[in-house]
Amino acid sequence: MPAPQRKSRARDRNNVLARPEFMSLNQSATTPQEARNYNRKQSGQYGNSSEGARDRRQSQQLPEEDCMQLNPSFKGIAWNSLMAIDIATSKSLGVCANSTSSWASARSMVKLIGITSHGLPWIVGTLICLWNSNTLAGQEVLVNLLLALLLDILTVAGLQKLVKRRGPFEVSPSILDYLVLDVYSFPASHASRATMVSKFFLNHLVLAIPLRILLVLWAFSVGLSRIMIGRHHITDVMGGFVIGYMQFNFVEIIWLPSSTCQMLSSLW
């Protein structure tokens, strides 16, 4: 037996076709279908490897919001600090925000102060007074007041829709708030309306000094009540005060004369 094995090994070494460079000549010819399958398998492997490399490159490139900003600007630091102070102070002043707050028993009374500056009662009351008015001066003042109230609702609703800031507490808007589009936090619509109405009355009505002081205190109390019930931040109320004052000045610029008001009243 050993002799035939040595002969076969010698025969294989002497066989030229047994060399590695000529091994392909000994293999059977592949069909075109097998060649296509082989090429498809190789291209799939290359495609998978290229996709894997692309995924690895994308995973290494983190999005900008996930990266730490090592050198924030002074403006950004100051802004974030002010916002943090505003939120913390507003939450500490929200003593009537819910049933577990320290002043929960006074929540109904504080909400009533805010309702005195709600847009719907003011519009309805102005329309009733305009219906019963018999003087041209009274109609002129009431029509411009109605214009100012409508302007306030549209302006504040547009700004709130643009900013979309939430309040310091999870306080759902009431049905009356939805009717006048008072859904978000900034600016505070009650504060802007109270400022505009009080300034309007101080400028166009003859009032005694105690009543003038009460008007100013009423506007300030309305803004404070909205913070106490957790509906607005301090900056929301301050923004409402500024916007209300600007709205009053704008109404003064576009003030409708008596003739125009009389014509509008006749249509009513």
Side-chain angles (χ1 to χ4, degrees), residues 65 69 72-98 101 103 107 110-123 145 147-200 215-253:
E65 59 268 15
Q69 189 175 1
S73 63
F74 175 77
K75 185 186 297 184
I77 295 175
W79 175 259
N80 292 333
S81 301
L82 289 176
M83 289 296 100
I85 294 173
D86 177 38
I87 294 173
T89 309
S90 301
K91 287 188 175 182
S92 63
L93 291 177
V95 293
C96 303
N98 47 52
S101 301
W103 288 20
R107 178 175 172 81
V110 175
K111 288 184 67 175
L112 183 61
I113 297 175
I115 292 176
T116 59
S117 181
H118 198 277
L120 190 60
W122 275 99
I123 290 177
L145 176 60
L147 174 64
L149 292 172
L150 295 176
L151 176 65
D152 173 75
I153 291 176
L154 295 177
T155 302
V156 172
L159 290 175
Q160 287 187 357
K161 189 68 175 177
L162 181 64
V163 178
K164 292 184 178 180
R165 188 187 189 188
R166 299 291 181 179
F169 294 90
E170 292 295 332
V171 179
S172 301
S174 62
I175 298 178
L176 294 177
D177 293 333
Y178 280 111
L179 289 177
V180 293
L181 306 177
D182 185 13
V183 180
Y184 294 101
S185 179
F186 181 87
S189 61
H190 292 68
S192 67
R193 195 172 302 112
T195 303
M196 187 265 298
V197 169
S198 60
K199 184 62 178 175
F200 190 94
L215 272 176
V216 176
L217 291 177
W218 168 72
F220 177 77
S221 300
V222 167
L224 181 60
S225 68
R226 303 300 289 175
I227 300 175
M228 293 177 65
I229 65 173
R231 186 69 173 79
H232 296 283
H233 299 87
I234 297 176
T235 51
D236 302 335
V237 173
M238 294 176 63
F241 288 154
V242 173
I243 291 173
Y245 184 79
M246 294 173 63
Q247 287 177 151
F248 164 76
N249 292 328
F250 181 72
V251 171
E252 291 293 309
I253 294 173

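- Atom CG in Asp86 sits 9.0 Å away from atom CE in Met238 (nearest 0.5 Å).
- Side-chain atoms of Thr155 and Asp152 include no donor-acceptor pair closer than 3.5 Å.
- Between the CD1 atom of Ile153 and the NE2 atom of His118 there is a distance of 8.5 Å, given to the nearest 0.5 Å.
- Atom SG of residue Cys96 and atom CD1 of residue Ile227 lie 12.0 Å apart, to the nearest 0.5 angstrom.
- Taking both residues in full, the closest heavy atoms of Lys164 and Tyr184 are given as CA-CD2, 3.7 Å, listed atom of the first, atom of the second, then distance.
- When all heavy atoms of Arg231 and Ser185 are compared, the pair lying nearest together is O-OG, 3.8 Å.
- Residues Val242 and Thr195 form no side-chain contact, since every pair of their non-hydrogen atoms from C-beta on lies 4.5 Å or further apart.
- Around atom CE of Met246, no more than 12 heavy atoms belonging to other residues, nucleotides or ligands sit under 6.0 Å away.
- Of the possible donor and acceptor atoms, one in the side chain of Ser90 sits under 3.5 Å from a partner among the backbone N and O of Ile234.
- Side-chain contact between Lys161 and Val183 is absent, with no heavy-atom pair separated by less than 4.5 Å.
- Across all non-hydrogen atoms, the minimal contact from Ile229 to Arg107 is O-NH1, 3.7 Å.
- For Arg226, the salt bridge (Lys or Arg N to Asp or Glu O under 4.0 Å) test picks out no residue, with sequence neighbours left out.
- Contact between Val222 and Ile113 at its shortest, heavy atoms only, is CG2-O, 3.7 Å.
- The two residues Ala148 and Val251 come nearest to each other via the heavy atoms CB-CG2, 3.7 Å.
- The CG atom of Leu159 sits 11.0 Å away from the CG atom of Leu154 when rounded to the nearest 0.5 Å.
- Here the CG-OG distance, from Asp236 to Ser192, works out to 11.5 Å after rounding to the nearest 0.5 Å.
- The closest side-chain heavy-atom distance from Thr235 to Arg165 is below 4.5 Å.
- The two residues Trp218 and Ala194 have their closest heavy-atom pair at CZ3-O, 3.6 Å.
- Note that the CD1 atom of Ile87 and the NE2 atom of His233 stand 5.0 Å from one another [nearest 0.5 Å].
- In this structure, Phe248 and Phe200 have perpendicular ring planes: the angle between them is above 60°, well past the 30° mark.
- Ring geometry, His190 versus His232: the interplanar angle falls from 30° to 60°, so the pair is classed tilted.
- Other residues, nucleotides and ligands contribute only 12 or fewer heavy atoms inside 6.0 Å of the CZ atom of Phe220.
- Partners of Trp103 by side-chain hydrogen bond (donor to acceptor under 3.5 Å, both in side chains), not counting sequence neighbours: none found.
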